[in-house]
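To keep things clear, I will list the structure first and then write my remarks on it.
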Amino acid sequence: MTPPSLGKTAAADTLTGGPRRRRLRGLSGRRRGQTSRGARGGAPLPLLLPALLGLAFLVLPLVALLIRAPWRSMPDLLTSTEVWQALQLSLVCATAATAVSLVIGVPLAWLLARVEFPGRGLVRALVTLPLVLPPVVGGVALLMALGRNGVIGKWLDAWFGITLPFTTAGVVVAEAFVAMPFLVISVEGTLRAADPRYEEAATTLGASRFTAFRRVTLPLIAPGIAAGAVLAWARALGEFGATITFAGNFPGRTQTMPLAVYLALQSEPEAAIALSLVLLAVSIAVLAGLRDRWMTAS
């Protein structure tokens, strides 16, 4: 007499095609897994060689910078008055430019992500234009707009006595101009990923749109704001073209780290290498801070 469990197994085998089909399915599943792992782990030689060449092209200059660095004289170079002034000015101006970008960039990102209006695509293109615009062109554009004879600058000078070119404030303006698009793009992407129903629920409960934004939306998009602020700060710290065009290169007033590197390279290459290493360390720190976004595999 056949036990009930065996009878159920036999019936199931009859309906599904028997144990042979189950074994075939198991074999095919293992083969698919092996094929997937093989496709992911292997690389054809025609692709591997250019990939290694591209990696060497990007890494070798940085390695050469480390090799040629004057490690013994590094403390003296980094503690000199000129270098310290440039470093201090760079940190202050990059932080101020990031603060400006946060104040006006986060509302702009919210407008692009949450409000439908005619020409929104054009506005987004104009916001991202400084990303692809040559920095020197950006500096010239700032001069035409905010210079003493500029479209807006002449009124600032006549009415308020404010002159931005070739001043420390001009450095902040130039850095904010090239850095703010990084913040806007990051925050807009985070806003689009966030569920707008939380804001709608807050408004239905009596909160104003600004209160819903401040109490509900900002906590939700805080990681995106932080990432965008770090990117904007790093971009502002490394800005060169717009700064030297709009603010000049005056030690202690407008000479930031990139400008000091350029100037030192002409007369004191070791100091230029030391300053470059400082900027390289800052870049590595930024990547380490954003490792969850850029340095993890999906």
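For the pair L142 and A174, the tightest heavy-atom approach, listed with the atom from each and the gap, is CD1-CA, 3.7 Å. When all heavy atoms of V137 and L133 are compared, the pair lying nearest together is CG1-CD1, 3.9 Å. The shortest non-hydrogen separation linking G105 to V184 is O-CG2, 3.8 Å. Annotation for T98 and A232: closest pair OG1-C, 4.1 Å, computed over non-hydrogen atoms. Scanning all heavy atoms of the two residues, the minimum distance from G170 to A247 falls at C-CB, 4.1 Å. Across A176 and A97, no two heavy atoms sit closer than the pair N-CB, 3.7 Å.
Rounding to the nearest 0.5 angstrom, the gap separating the OG1 atom in T128 from the CZ atom in F182 is 11.0 Å. Taken from OG1 in T163 to CG in L156, the straight-line distance is 8.5 Å, to the nearest 0.5 Å. For the atom pair L280 CG and I273 CD1, the distance stands at 12.5 Å (nearest 0.5 Å). The line from CD of E82 to CG of L275 is 10.5 Å long, rounded to the nearest 0.5 Å. Note that CD of Q85 is 13.0 Å distant from OG1 of T256, once rounded to the nearest 0.5 Å. Distance OG1/T243 to CD/E175: 5.0 Å, rounded to 0.5 Å.
The 12-atom threshold is not exceeded at CG of N149, counting heavy atoms of other residues, nucleotides or ligands nearer than 6.0 Å. Counting heavy atoms of neighbouring residues, nucleotides and ligands inside a 6.0 Å radius, atom CZ of F210 does not exceed 12 of them. Within a 6.0 Å sphere centred on OH of Y262, other residues, nucleotides and ligands contribute 12 heavy atoms or fewer. More than 12 heavy atoms of other residues, nucleotides or ligands shown are found within 6.0 angstrom of CZ on F250. The number of heavy atoms from other shown groups lying within 6.0 Å of CZ (R120) is above 12. Within a 6.0 Å sphere centred on CZ of R209, heavy atoms belonging to other residues, nucleotides or ligands number 12 at most.
Under the 4.5 Å side-chain heavy-atom criterion for ILVMFWY residues, a single connected hydrophobic cluster contains both I104 and L112. Grouping the Ile, Leu, Val, Met, Phe, Trp and Tyr side chains by contacts below 4.5 angstrom, directly or via other members, places M257 with I284. Under the 4.5 Å side-chain heavy-atom criterion for ILVMFWY residues, a single connected hydrophobic cluster contains both L111 and V123. V100 and F177 are not part of a single hydrophobic cluster, where members link through side-chain heavy atoms under 4.5 Å apart. When the side chains of ILVMFWY residues are joined at heavy-atom separations under 4.5 Å, either directly or via intervening members, V173 and W155 end up in a single hydrophobic cluster.
Counting only heavy atoms from C-beta outward, the side chains of P165 and L146 never approach each other to under 4.5 Å. Contact annotation: the side chain of V171 never approaches that of F246 to less than 4.5 Å [non-hydrogen atoms, C-beta and beyond]. Side chains of I67 and V63 form a contact here, defined as non-hydrogen atoms less than 4.5 Å apart. Contact annotation: the side chain of V187 approaches that of I221 to within less than 4.5 Å [non-hydrogen atoms, C-beta and beyond]. At least one side-chain heavy atom of L91 sits less than 4.5 Å from a side-chain heavy atom of W233. With contacts defined as side-chain heavy-atom distances shorter than 4.5 Å, the pair R114/P196 qualifies.
We find that R68 and E270 are not joined by a salt bridge, their nearest charged nitrogen and carboxylate oxygen being 4.0 Å or further apart. Residues R124 and E188 are paired through a salt bridge, judged by an N-O separation under 4.0 Å between the basic side chain and the carboxylate.
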* Verdict with reasoning, V115 to W110, per side-chain contact (heavy atoms from CB on, under 4.5 Å) -> CA-CA 8 Å; V115 180; W110 181 86; 3.7 Å; yes
* Go through the steps for F240 and V261 under the test side-chain contact (heavy atoms from CB on, under 4.5 Å), then give the verdict. => CA-CA 10 Å; F240 176 82; V261 170; over 6 Å; no
* Show the numbers, then the answer: is there a side-chain contact (heavy atoms from CB on, under 4.5 Å) between W84 and L89? => CA-CA 8 Å; W84 181 248; L89 184 66; over 6 Å; no
* Asked: Going through the distances and angles, do L277 and M74 end up as a side-chain contact (heavy atoms from CB on, under 4.5 Å)?
  -> CA-CA 10 Å; L277 287 176; M74 187 77 69; 3.3 Å; yes
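Donor-acceptor pairing under 3.5 Å is recorded for the side chains of S208 and T211.
In terms of the side chain to side chain donor-acceptor pair (under 3.5 Å) criterion, residue partners of N249 (sequence neighbours excluded) are, by chain and number, Q255. Looking at residues two or more places apart in sequence or on another chain, you find no side-chain contact (heavy atoms from CB on, under 4.5 Å) involving V103.
Between the side chain of S73 and the main chain of D76, no donor-acceptor pair closer than 3.5 Å is present. Within the 3.5 Å criterion, the main-chain N or O of L66 finds a donor-acceptor partner in the side chain of W71. With S186 contributing its side chain and L183 its backbone, the two residues share no donor-acceptor pair below 3.5 Å. Judged by distance alone, with hydrogens and angles left aside, the side-chain atoms of T254 form a donor-acceptor pair with the main-chain N or O of G248 at under 3.5 Å. Of the possible donor and acceptor atoms, none in the side chain of R148 sits under 3.5 Å from a partner among the backbone N and O of L143. In this structure, T245 contributes its side chain and A242 its backbone to no donor-acceptor pair below 3.5 Å.
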